Amino acid sequence: MTDSIIRSVADLREIVAGWRQEGKRVGLVPTMGAIHAGHLSLVSIAAKNCDKVIASVFVNPTQFGENEDLDAYPVDEAKDVRNLTDAGTDLVFCPGKEEIYPNGFSTVISVSGLTAGLCGPFRPGHFDGVATVVSKLLLQCLPDIAVFGEKDYQQLLVIRQLVSDLNIPVEIVGAPIIREDDGLAMSSRNRYLSPDERRVAPEFNRVLTDVAALIKAKPDECQNICRNAREELLELGFASVDYVSVCDIETLELLKTYRHPARVFGAAYLGASRLIDNLPVD
Ligand code: AMP
């Protein structure tokens, strides 16, 4: 194992080409850094399935909206590289902004349909930014597999769609959500939470879990149950709720009547922090 940081696509390609000549199977874990146990679980899935693991650390400016937290996004490269290599990453790809978006860059990958609901309308341009950077990272590394967390379930489906539509020869592997002991889904943004907000934050998962139980008991009541959940979150102290919805797990079609297989999805602000979470109904 090495702890080398690679910053250029040319160096990355050379190393990966060498691995390929040796017949190694390569896995990629894209991240925006601020590494936590959720990210490391993706590394261990990649390591179990592959001989070599690449993790990328790139805070992608094009997936942040104008009023979002790009400038405040936590950056600690040395610590991230240490955590990633300790967990079994062979190479950490840390490109600069110019390496990914050189002057004159003018291509956008845009996936329709799956991005129409949930976070799509609340974060205009976000999924175009994600789809574009992930397409680039996949083509730069050309891994056998790439691992993405179900924490960003809509993103996972968007990436599966673009890989299929663009015939990118990679298997996309989905990884379960890693949570704190109290149920809060781990996220780089959790560190923005004040102590009071941190105490309330696990209620988000609890409310979504209740929604799953309630719609199983009353499948025709999806809309009422989700509306009540939104109100409950506001009463608990959430500043605003973007959505609590029940959707088909493949198409993300919004379900007014629950049918298997579905997931409950939520996005809400606690103070200035936007939390997202989701869970299967069954
Ligand atoms: P990010 O650095 O937040 O862009 O996340 C990089 C990857 O880690 C994405 O595939 C996320 O879905 C995944 N991820 C983030 N948090 C978690 C978590 N709590 N459990 C599992 N995967 C996660």
Side-chain angles (χ1 to χ4, degrees), residues 27-49 53-65 68-70 72-77 79-81 83-84 87-89 92-95 100 114 118-119 123 126-138 141 143 145-163 170-193 198 201-202 204-205 208-209 252 263 265-267 273-280:
L28 171 67
V29 178
T31 82
M32 296 208 300
I35 297 302
H36 53 67
H39 298 119
L40 299 180
S41 75
L42 311 189
V43 170
S44 55
I45 290 171
K48 270 191 204 110
N49 283 278
V53 178
I54 303 168
S56 60
V57 175
F58 179 63
V59 183
N60 176 35
T62 65
Q63 71 188 72
F64 287 78
E68 294 185 357
D69 56 350
L70 174 61
Y73 204 82
V75 177
D76 187 342
E77 185 182 279
K79 189 169 164 205
D80 285 346
V81 170
N83 287 336
L84 288 165
T89 303
V92 186
F93 180 45
C94 299
I100 299 291
L114 287 167
L118 299 176
C119 285
R123 302 191 70 190
H126 168 71
F127 287 114
D128 287 358
V130 169
T132 303
V133 80
V134 171
S135 301
K136 286 189 62 111
L137 290 167
L138 292 173
C141 299
I145 73 166
V147 189
F148 293 86
E150 288 181 346
K151 161 91 186 343
D152 302 280
Y153 192 89
Q154 187 175 18
Q155 167 178 286
L156 170 64
L157 293 194
V158 166
I159 290 161
R160 286 217 164 102
Q161 183 75 46
L162 77 85
V163 159
V170 60
E171 180 192 344
I172 301 301
V173 175
I177 301 173
I178 304 299
R179 299 180 180 282
E180 305 286 357
D181 290 343
D182 58 16
L184 176 65
M186 289 192 185
S187 165
S188 307
R189 292 184 165 102
N190 289 351
R191 65 188 69 187
Y192 302 150
L193 297 170
R198 179 62 188 82
F204 190 42
N205 180 244
L208 299 184
T209 304
L252 298 185
R263 285 180 92 93
F265 294 87
S273 305
R274 187 173 188 271
L275 307 186
I276 60 168
D277 200 353
N278 69 90
L279 49 100

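Because the structure is predicted, anything quoted here is derived from the model rather than measured. Whatever order the structure lists them in is the order used to number ligands and atoms, beginning at 1. The analysis underlying the following values was restricted to heavy atoms, covering all of them including side chains, and did not include hydrogens, waters or symmetry mates. Residue numbers count from 1 along this sequence.
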(request) Return yes or no for this condition: an N or O of Ala175 is under 3.5 Å from an N or O of ligand 1. (result)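 It does not: no N or O of Ala175 is found under 3.5 Å from an N or O of ligand 1.
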
Any idea which heavy atoms bring [X] and [Y] closest together, and the distance?
{"X": "Tyr192", "Y": "Ala72", "result": "OH-O, 3.3 Å"}
{"X": "Val43", "Y": "Ala87", "result": "CG1-O, 3.5 Å"}
{"X": "Met32", "Y": "Tyr73", "result": "O-CE2, 3.4 Å"}

Would you mind running through ligand 1 and noting each atom that sits below 4.0 Å from a heavy atom of [X]?
{"X": "Met186", "answer": "16 (N), 17 (C), 18 (C), 19 (N)"}
{"X": "Phe148", "answer": "10 (O)"}
{"X": "Ile177", "answer": "20 (N), 21 (C)"}
{"X": "Thr31", "answer": "2 (O), 6 (C)"}

(message) Counting only heavy atoms, tell me which of Arg179, His36, Met32, His39 gets closest to atom 16 (N) of ligand 1.
(response)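 Shortest heavy-atom distance from atom 16 (N) of ligand 1: His36.
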
Among all protein non-hydrogen atoms, which one is nearest to [atom], and what is the separation to 0.1 Å?
{"atom": "atom 23 (C) of ligand 1", "value": "Lys151 CB, 3.9 Å"}
{"atom": "atom 22 (N) of ligand 1", "value": "Gly149 CA, 3.6 Å"}
{"atom": "atom 21 (C) of ligand 1", "value": "Pro176 O, 3.4 Å"}
{"atom": "atom 20 (N) of ligand 1", "value": "Ile178 N, 2.9 Å"}
{"atom": "atom 12 (O) of ligand 1", "value": "Asp152 OD2, 2.6 Å"}

Should [X] and [Y] count as side-chain neighbours, where that means a heavy-atom distance under 4.5 Å?
{"X": "His39", "Y": "Val29", "answer": "no"}
{"X": "Pro143", "Y": "Ile54", "answer": "no"}
{"X": "Met186", "Y": "Leu40", "answer": "no"}

(request) Enter the distance from Asn190:CG to Glu180:CD here, rounded to the nearest 0.5 Å. (result)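 Answer rounded to 0.5 Å: 6.5 Å.
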
Where's the contact between [X] and ligand 1, heavy-atom distance under 4.0 Å: side chain, backbone, both or neither?
{"X": "Ser187", "answer": "neither"}
{"X": "Pro30", "answer": "backbone"}
{"X": "Leu42", "answer": "side chain"}

(message) If the test is side-chain hydrogen bond (donor to acceptor under 3.5 Å, both in side chains), which one of Arg123, His126, Arg274 qualifies with Glu68?
(response)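 When Arg123, His126, Arg274 are each tested with Glu68, the side-chain hydrogen bond (donor to acceptor under 3.5 Å, both in side chains) holds only for Arg123.
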
(request) Output yes when Asp277 and Arg179 qualify as a salt bridge under the 4.0 Å nitrogen-oxygen rule, no when they do not. (result)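 Arg179 and Asp277: salt-bridged.
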
